[in-house]
S.K.: 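Dumping the structure here so I can ask a few things about it.
Just so you know, these numbers come straight off a predicted model, no measurement behind them. When a ligand or atom number is given, it counts from 1 through the structure's own listing order.
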Amino acid sequence: MNKISFEQVTPHVFLQRGNLHSDVWQQPNLTFDKGKFYLVEAASGHGKSTFCSYVLGYRQDYQGTVRFDNTDVCMFSTAEWVNIRQRCVSQLFQELRLFPELTALENVQLKNQLTHFKSETQIRQWFEQLGIADKIDARVGQMSFGQQQRVAALRALVQPFDFLLADEPISHLDDVNAEVLGKLMADEAKQQGATLIITSIGKHPHLLYDKTLKL
Ligand SMILES: Nc1ncnc2c1ncn2[C@@H]1O[C@H](COP(=O)(O)OP(=O)(O)OP(=O)(O)O)[C@@H](O)[C@H]1O
């Protein structure tokens with residue numbers, strides 16, 4: 001997949017508001033191109049999570065069209081979405097969606113086992129780099145939110161993707177770990193020739209973004 005396009009997309013919930021003054025909503029043809037880095041900045045309630053849900057196909061409560069290449073995403077079957085989420089679009093959810101009863105490593109491996117994309121050695125190195133190697137066998141339900149955020153980020157990286165959508169990926173990280181994670185996501189995206197879309201309500205990794213959009 002080479003591009004994601006938003007054509008005149010407006011969430012139903014915003015229809016009554018008139019001009020939204022947004023770089024994303026109501027735009028005739030906004031394109032996210034493969035290989036580029038985007039920062040989507042938004043004040044709370046401006047539809048950041050809504051934007052992510054539309055890209056991932058979890059919600060379709062909008063006017064307009066979202067396309068992957070030339071295909072309207074509304075045309076995809078459930079089986080096609082499963083394949084897309086396994087191989088084309090990866091996401092780090094704001095609310096993480098980890099399994100609390102599983103260990104940190106098990107959470108990451110659960111995803112990795114779908115495509116056997118990364119070696120356990122690589123995964124263990126990443127835990128080390130992110131300062132959570134001592135938590136690798138701890139149950140996620142017994143970890144801090146910031147520690148869980150790093151586990152969820154690693155889970156998002158252990159699959160092939162053309163687009164990585166990270167919803168406030170460093171909201172609970174200290175500055176050092178935030179930059180380590182930012183670099184890790186950027187390096188992996190570059191290695192895969194993929195697009196990085198990072199959303200932010202103020203705190204985001206300092207990367208060389210090709211475009212910054214205000215939601
Ligand atoms: N599942 C949903 N269905 C319909 N409308 C929704 C849904 N979730 C959120 N909304 C509405 O969409 C608007 C934007 O919500 P959204 O959660 O996308 O904002 P956000 O920018 O992610 O906010 P925050 O940063 O506070 O999490 C709000 O008015 C909200 O009530």
Side-chain angles (χ1 to χ4, degrees), residues 4-32 36-68 72-78 80-82 84-85 89-100 140 143-153 155-156 161 163-175 177-179 181-182 185 195-207 209-215:
I4 296 175
S5 311
F6 271 53
E7 298 169 11
Q8 295 287 10
V9 174
T10 311
H12 288 163
V13 69
F14 295 157
L15 279 176
Q16 307 304 324
R17 293 200 191 169
N19 190 339
L20 296 173
H21 303 287
S22 163
D23 297 330
V24 176
W25 308 130
Q26 300 175 321
Q27 291 301 311
N29 192 4
L30 167 66
T31 302
F32 297 93
K36 296 199 170 167
F37 287 6
Y38 297 88
L39 179 65
V40 178
E41 292 185 314
S44 174
H46 280 220
K48 195 174 40 56
S49 301
T50 296
F51 166 77
C52 295
S53 302
Y54 293 170
V55 173
L56 264 290
Y58 292 126
R59 283 172 51 194
Q60 294 181 337
D61 56 318
Y62 56 87
Q63 267 187 2
T65 310
V66 178
R67 287 185 204 280
F68 288 174
D72 183 338
V73 298
C74 292
M75 306 303 290
F76 291 133
S77 63
T78 304
E80 284 170 320
W81 273 117
V82 168
I84 286 166
R85 292 178 197 139
V89 183
S90 183
Q91 178 166 30
L92 169 53
F93 297 97
Q94 182 184 352
E95 71 282 14
L96 310 184
R97 301 191 192 179
L98 294 167
F99 295 98
V140 155
M143 294 169 66
S144 75
F145 193 87
Q147 290 165 340
Q148 292 184 33
Q149 197 165 35
R150 283 169 270 177
V151 175
R155 184 183 59 179
F161 56 80
F163 290 80
L164 172 59
L165 186 53
D167 194 2
E168 292 189 62
I170 60 160
S171 58
H172 286 71
L173 300 191
D174 59 76
D175 290 349
N177 278 311
E179 291 314 310
L181 179 58
M185 288 194 298
T195 306
L196 194 51
I197 304 175
I198 290 182
T199 74
S200 162
I201 55 169
K203 197 176 168 194
H204 51 79
H206 297 103
L207 302 174
Y209 296 99
D210 293 285
K211 202 167 185 179
T212 298
L213 299 156
K214 302 269 183 216
L215 203 63

S.K.: Please check if any side-chain donor atom of Ser171 sits under 3.5 Å from a side-chain acceptor atom of Gln149, or the reverse.
M.R.: yes
S.K.: Could you tell me how the ring of Trp25 sits relative to the ring of Phe14: parallel (under 30°), tilted (30 to 60°) or perpendicular (over 60°)?
M.R.: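 Ring orientation of Trp25 relative to Phe14: perpendicular.
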S.K.: So is there a nitrogen or oxygen of Glu168 less than 3.5 Å from a nitrogen or oxygen in ligand 1?
M.R.: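 Looking only at distances, the answer is no, because the N/O contact criterion of under 3.5 Å is not met.
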S.K.: Report the residue from Tyr38, Phe6, Tyr58, Tyr62 that forms a ring pair (Phe, Tyr, Trp, His ring centres under 6.0 Å) with Phe51.
M.R.: Phe6
S.K.: For atom 4 (C) of ligand 1, tell me which residue out of Asp167, Asp61, Thr50, Thr199 has the closest non-hydrogen atom.
M.R.: Asp61
S.K.: Is ligand 1 less than 4.0 angstrom away from at least one heavy atom of Ala42?
M.R.: no
S.K.: Heavy-atom distances under 4.0 Å decide this one: backbone, side chain, both or neither, for Leu215 against ligand 1?
M.R.: neither
S.K.: Just to confirm my output: which protein heavy-atom neighbour is closest to atom 10 (N) of ligand 1, and how far is it?
M.R.: Arg59 NH2, 4.1 Å
S.K.: Please confirm whether Ser49 comes within less than 3.5 Å of ligand 1 when only nitrogen or oxygen atoms on both sides are compared.
M.R.: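 Yes; the residue has a nitrogen or oxygen that sits under 3.5 Å from a nitrogen or oxygen of the ligand.
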S.K.: Are more than 12 heavy atoms, taken from residues, nucleotides or ligands other than Lys203, located less than 6.0 Å from that residue's NZ atom?
M.R.: yes
S.K.: Starting from atom 14 (C) of ligand 1, find the nearest protein heavy-atom neighbour and note its residue, name and distance.
M.R.: Gly45 O, 3.5 Å
S.K.: What atoms of ligand 1 come closer than 4.0 angstrom to any heavy atom of His46?
M.R.: 21 (O)
S.K.: I need the nearest protein heavy-atom contact for atom 31 (O) of ligand 1: residue, atom name and distance, please.
M.R.: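 Protein heavy atom with the smallest distance to atom 31 (O) of ligand 1: Val13 CG2, 4.7 Å.
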S.K.: Specify whether Phe76 and Phe68 have parallel, tilted or perpendicular ring planes, treating 30° as the upper limit for parallel and 60° as the lower limit for perpendicular.
M.R.: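 Tilted: the ring planes of Phe76 and Phe68 meet at 30° to 60°.
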S.K.: Could you identify the single nearest non-hydrogen protein atom to atom 26 (O) of ligand 1 and state the distance to 0.1 Å?
M.R.: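 The closest heavy atom on the protein side is Ser44 OG, 2.6 Å.
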S.K.: Taking Gln148 for its side chain and Val140 for its backbone only, find out whether a donor-acceptor pair lies under 3.5 Å.
M.R.: yes
S.K.: Under 4.0 Å from any heavy atom of Gly47, which atoms of ligand 1 are there?
M.R.: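 Ligand 1 atoms under the 4.0 Å threshold to Gly47: 14 (C), 16 (P), 18 (O), 19 (O), 20 (P), 21 (O).
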